[in-house]
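Note that the numbering runs from 1 along the sequence shown for the chain.
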Amino acid sequence: MADSFLMEVCVDSVESAVNAERGGAGRLELCTSLLEGGLTPSLGLLQVVKRYVKIPVYVMIRPRGGDFLYSDQDVEVMRRDVELMKSHGADGLVLGALTEDGRVDAELCMELLAAARPLPVTFHRAFDVAHDPAVALETLVSLGFERVLTSGCDSSALEGLPVIKRIIDQAKGRIIIMPGGGITERNLQRILEGSGAQELHCSARSSRDSAMKFRNTCVTMGAAFSAPEYGLKVADVSKVRTLNAIARNTL
């Protein structure tokens, strides 16, 4: 069973992508702005990452932070990003959209899936803020999504474990359920044993100090929740390896 296990690591830099592959990741989710849950990366980042790694790279299609109710202008950006990422080497896409009442926006998703074809598509954690996860899951199955990334509609996959287990049972193999959100070495075994999932999603990051010698600590480049300018978070090879080892010993 462990042979069929796959770890996806979300990355926002070439360094993190290389580290994730070295640590044993089977797939990357490439995005930017991880503090906002991930936004669409630049074409330049995709192209350079593809030069340095051999594992599949799934690209996030999310034009802005915040909710998943998209305006006509947002949709225009998403359509264009699907075309661009598909034509520049993406191995798959990650996207999602909801209606104002919290249902999967089937019409928009159908359009984006058609534009993405034949690439596989993951529905991201918009699922976790849908009104009814059981109904949302059936919609995703009918639309043809390959998988859904979920924390079980809670703050982390550990807290959402009962829901994750329930939707895996509901899915019956028709769609892959991939737990993600707050997965660490300390809780991974419980999540896998409690859910029976065969894929997981994590960042496996650690902090390291910037190489900058001159520092102006009076200036910040974003909102209060932004990362410190002189601290970097990157995927950690040893963390990815440890998570992989735990998972393969558990399954």
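M60 is not connected to L108 by any chain of hydrophobic side-chain contacts under 4.5 Å among Ile, Leu, Val, Met, Phe, Trp and Tyr, and they are in different clusters.
A salt bridge does not link D236 to K233: none of the charged side-chain nitrogens sits closer than 4.0 Å to a carboxylate oxygen. Ionic pairing of E199 and R147 is present here: one or more N-O contacts between side-chain nitrogen and carboxylate oxygen are shorter than 4.0 angstrom. Ion pair E76/R79 not flagged as a salt bridge, since none of the NZ, NE, NH1 or NH2 atoms sits closer than 4.0 Å to an Asp/Glu carboxylate oxygen.
A 4.5 Å side-chain heavy-atom check between T122 and V148 finds every atom pair outside the cut-off. Two residues are said to be in side-chain contact when any heavy atoms from C-beta on lie closer than 4.5 Å; L119 and D91 fail this criterion. V104 is listed as a side-chain neighbour of L143, based on a closest heavy-atom distance under 4.5 Å. Taking 4.5 Å as the limit, every side-chain heavy atom of F68 sits out of range of all side-chain heavy atoms of D105. Contact annotation: the side chain of T150 never approaches that of R125 to less than 4.5 Å [non-hydrogen atoms, C-beta and beyond]. Counting heavy atoms from C-beta on, the side chains of V240 and L243 never come closer than 4.5 Å. Using a 4.5 Å heavy-atom threshold, the side chains of M85 and I61 count as touching. L93 places a side-chain heavy atom less than 4.5 Å from the side chain of V82.
For the pair R27 and Y58, the cation sits on the ring face: its NZ or CZ lies under 6.0 Å from the ring centre, inside 45° of the axis.
Listed for the T32 side chain is no donor-acceptor partner under 3.5 Å among the backbone atoms of L39. Under a 3.5 Å cut-off, the side chain of E36 and the backbone N or O of G66 do not form any donor-acceptor pair. Side chain of S16 to backbone of V11: no donor-acceptor contact under 3.5 angstrom is found.
Listed here is the closest heavy atom pair of R215 and D209: NH2-OD2, 2.9 Å. Heavy atoms only, all atoms of each residue included: A197 and L192 are closest at O-CD2, 3.7 Å.
Of the residues K172, R166, K165, the one that meets the side chain to side chain donor-acceptor pair (under 3.5 Å) test with D169 is K165.
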